[in-house]
Amino acid sequence: SRYGPLLNTGFDFRITAFPSAEQHFNSSCNQELQSSQLNGKNEGTIMSLEHWYKPGTNCTYLLKGTETQVVRLYFVKMTMLEKDPIVRTEKPCTEYLALYDSSWTDSNKLMKAFCDGIQDTKETVNYISTGPNLIINFVSEIGSYSGSPLYYWAVFDFHETQTEGNKVEGTLCDETFTSNSGK
């Protein structure tokens, strides 16, 4: 803060409003969130780190569906904030949030990357995996005393890809169904 780094005071008090959602995940790195953890609910949320973290922090969140599911992620809120970095630098993109269409951070499967200091955020875009997994990776070179300058609140859900009808050729999602009742 402008009054000093607030280190070694032994006390940090914050009040935060959590968005309305079925399941909420945040504040710890390297989580695997499976569709079965939603307990039949519609969706879950992930929020940015809102506490101090050291330089070199690397957090991953694996959103893992069943073999017949895809993952959809969209940002309800995404903004860049001024925060108190531990390491000061003039370099661009010292913190980033990357989305991968994979079960690991495969650079060939990068869907989108958001960098601090670069205002290219779209809050109404759906990011949909082609398979059952999507990785969210947060990396910080500089650390922070008071949370990430990449403030985000994302909602994720899982969708079945198996169909029960016969696919209509030449269409994206049309199906035909036949009845066995003879009517």
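Bear in mind the structure is a predicted one, so any value in this text is a computation, not a measurement.
To the nearest 0.5 Å, atom CG of residue Leu73 and atom CG of residue Asn126 are 9.0 Å apart. With values rounded to the nearest 0.5 angstrom, Lys77 atom NZ is found 15.5 Å from Tyr152 atom OH. To the nearest 0.5 angstrom, Cys115 atom SG is 10.5 Å from Glu95 atom CD. Taking CD of Glu169 as the reference point, atom CG of Asp174 lies at 11.5 Å (rounded to 0.5 Å). Atom OG1 of Thr60 is separated from atom CD1 of Ile135 by 5.0 Å, given to the nearest 0.5 angstrom. Rounding to the nearest 0.5 angstrom, the gap separating the CH2 atom in Trp153 from the CE atom in Met78 is 13.5 Å.
Between Gln37 and Glu32, the closest heavy-atom pair is OE1-O, 3.2 Å. Across Gly65 and Ser35, no two heavy atoms sit closer than the pair CA-OG, 3.8 Å.
Note: the hydrophobic cluster containing Leu99 does not contain Leu62 (ILVMFWY, side chain heavy atoms under 4.5 Å, direct or indirect links). Residues Met111 and Leu33 share a single hydrophobic cluster, defined by chaining ILVMFWY side chains whose heavy atoms lie under 4.5 Å apart. Residues Ile128 and Val155 do not share a hydrophobic cluster, clusters being chains of Ile/Leu/Val/Met/Phe/Trp/Tyr side chains in contact below 4.5 Å. Residues Ile142 and Tyr96 do not share a hydrophobic cluster, clusters being chains of Ile/Leu/Val/Met/Phe/Trp/Tyr side chains in contact below 4.5 Å. In the hydrophobic cluster analysis, where Ile, Leu, Val, Met, Phe, Trp and Tyr join through side-chain heavy atoms closer than 4.5 angstrom, Tyr100 is grouped apart from Tyr127.
Between Gln69 and Glu67, the side chains place no donor N or O within less than 3.5 Å of an acceptor N or O (distance only, hydrogens not considered). Looking only at atom types and distance, the side chain of Glu141 has no donor-acceptor partner in the side chain of Thr94 under 3.5 Å away.
In this structure, Lys112 satisfies the cation-pi test against Phe114, with its NZ or CZ atom closer than 6.0 Å to the six-membered ring centre and inside 45 degrees of the ring normal.
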Applying side-chain contact (heavy atoms from CB on, under 4.5 Å) to Thr66 and Glu160, what does each step give before you reach the verdict?
CA-CA 9 Å; Thr66 65; Glu160 283 295 329; 4.0 Å; yes
Can you check side-chain contact (heavy atoms from CB on, under 4.5 Å) on Glu43 and Phe158, steps first, answer last?
CA-CA 8 Å; Glu43 61 191 29; Phe158 300 89; over 6 Å; no
Between Ile46 and Phe156, is the side-chain contact (heavy atoms from CB on, under 4.5 Å) condition met? List the steps.
CA-CA 8 Å; Ile46 296 177; Phe156 64 92; 3.8 Å; yes
Given salt bridge (Lys or Arg N to Asp or Glu O under 4.0 Å), test Lys109 with Asp101 step by step and report yes or no.
CA-CA 5 Å; Lys109 301 282 188 161; Asp101 186 9; 5.6 Å; no
Full working for side-chain contact (heavy atoms from CB on, under 4.5 Å) between Asn133 and Val71
CA-CA 6 Å; Asn133 302 307; Val71 186; 5.7 Å; no
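Using modelled atom types, one side-chain atom of Asn137 and one backbone atom of Cys59 make a donor-acceptor pair closer than 3.5 Å. Under a 3.5 Å cut-off, the side chain of Ser102 and the backbone N or O of Thr105 do not form any donor-acceptor pair. Judged by distance alone, with hydrogens and angles left aside, the side-chain atoms of Glu175 form a donor-acceptor pair with the main-chain N or O of Gly165 at under 3.5 Å. Between the side chain of Thr161 and the backbone N or O of Thr68 there is at least one donor-acceptor pair closer than 3.5 Å. Remark: the backbone N or O of Asn108 is paired with a side-chain donor or acceptor of Asp106 at under 3.5 angstrom. For Ser129 (side chain) and Leu134 (main-chain N/O), no donor-acceptor pair under 3.5 Å exists by modelled atom type.
Residues Phe138 and Tyr53 bring their aromatic ring centres within 6.0 Å.
You'll find the side chain of Thr57 stays beyond 4.5 Å of the side chain of Val139, heavy atoms only.
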